Structure formats: C-alpha cells, structure tokens
Amino acid sequence: MKTRVLLQCTLLALAALYAAWFARSGDWIAFAVFAGPALLLVGLGAISPRAAAFWAGVLALAWFSHGVMVGWSRPEERGFAWAEIALSLLAIGAANFAALRARFGKLAGR
C-alpha cells in the first residue's frame with residue numbers, strides 16, 4: 001500500500017474515531033476541532049501530498065499528546081485514547097516513511 005493512501009486512510013480513521021468519541025457526549029465543537037483538520041488534510045493530500053504529509057505529521061503529534069493526556073486522566077475514555085494514540089503514531093509513520101526511505105536508502109546502497 002502506498003504511504004499516501006495509508007496516510008489518507010489513517011486520517012479518515014481518526015475522523016471516524018472522533019465522530020464516535022464525541023457523538024457520545026454530543027460535543028460537536030470538539031468533533032470539529034479534532035476531526036476537521038484530519039478531513040481537510042485528506043483533501044489537501046489530493047492537491048499537495050508533501051504539504052499534507054508535513055501537516056499530518058505535525059498535527060499527529062498533538063493528537064498523540066491528547067490521547068496520552070486523556071488516557072491518564074479519564075479512565076472511562078481510555079479505549080478511545082488508546083485508539084487515538086495508535087492512529088496518530090501510524091499517521092506519523094506514514095507521513096515520514098518516504099523521507100526516511102529516501103534518507104536511509106542511500107546509506108544502504110553504499
């Protein structure tokens with residue numbers, strides 16, 4: 001699977017996770033704040049994949065931090081937090097895989 005497709009699927013999965021998470025409480029503003037950027041990045045990926053990968057990596061660090069914070073502070077939401085942590089790490093990996101392959105592929109060829 002191409003990393004671009006993996007990144008877009010991961011971002012869509014994050015948006016679906018936030019929809020399920022915040023629909024329970026009816027907090028649609030939180031849903032818009034968390035899922036909105038992920039959905040915008042999916043659209044940006046069709047126009048500028050490199051910019052989308054960069055911003056997905058940056059935002060995934062914030063999503064990861066949020067997941068860790070919620071996982072430690074709210075036991076009733078721990079399952080959602082673990083899913084957020086896993087998907088944000090997958091997004092970071094997918095966003096950076098092409099650059100890592102280019103960088104370390106040159107070293108392997110020596």
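Being a predicted model, the structure only gives us computed values, none of them experimental.
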Check for me, please, whether [X] and [Y] land in the same ILVMFWY cluster - side-chain distances under 4.5 Å, paths through other members count.
X	Y	answer
W63	F97	no
V70	I85	no
L39	L11	yes
W82	M69	no
I92	V5	no

Approximate separation, where rounding is to 0.5 Å, of [X] [atom1] and [Y] [atom2]:
X	Y	atom1	atom2	answer
F64	L59	CZ	CG	15.0 Å
L17	L12	CG	CG	12.5 Å
L6	R4	CG	CZ	12.5 Å

| Crowding at CG, L100 (>12 non-hydrogen neighbours, <6.0 Å) |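 Yes - once you tally the heavy atoms of other residues, nucleotides and ligands closer than 6.0 Å, there are more than 12.
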Can you see which heavy atom on [X] is nearest to which on [Y], and at what distance?
X	Y	answer
A95	G57	CB-N, 4.1 Å
F31	A15	CE1-O, 3.7 Å
P49	G45	CG-O, 3.5 Å
P37	A32	CD-O, 3.8 Å

| query | Is there a side-chain contact between L7 and L41, using heavy atoms and a 4.5 Å cut-off? | reply |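 No; the side chains remain at least 4.5 Å from each other.
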| Within a strict 4.5 Å, meaning less than it, do heavy atoms of the Y18 and L14 side chains meet? |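 A side-chain contact under 4.5 Å exists here.
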| request: State which residues pass side chain to side chain donor-acceptor pair (under 3.5 Å) with R78; sequence neighbours excluded, sorted by chain then number. | output: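 R78 satisfies side chain to side chain donor-acceptor pair (under 3.5 Å) with no other residue.
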| Matching residue for H66 among W72, F34, F80 - test: ring pair (Phe, Tyr, Trp, His ring centres under 6.0 Å) |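 So, applying the ring pair (Phe, Tyr, Trp, His ring centres under 6.0 Å) to H66 and each of W72, F34, F80, only F34 qualifies.
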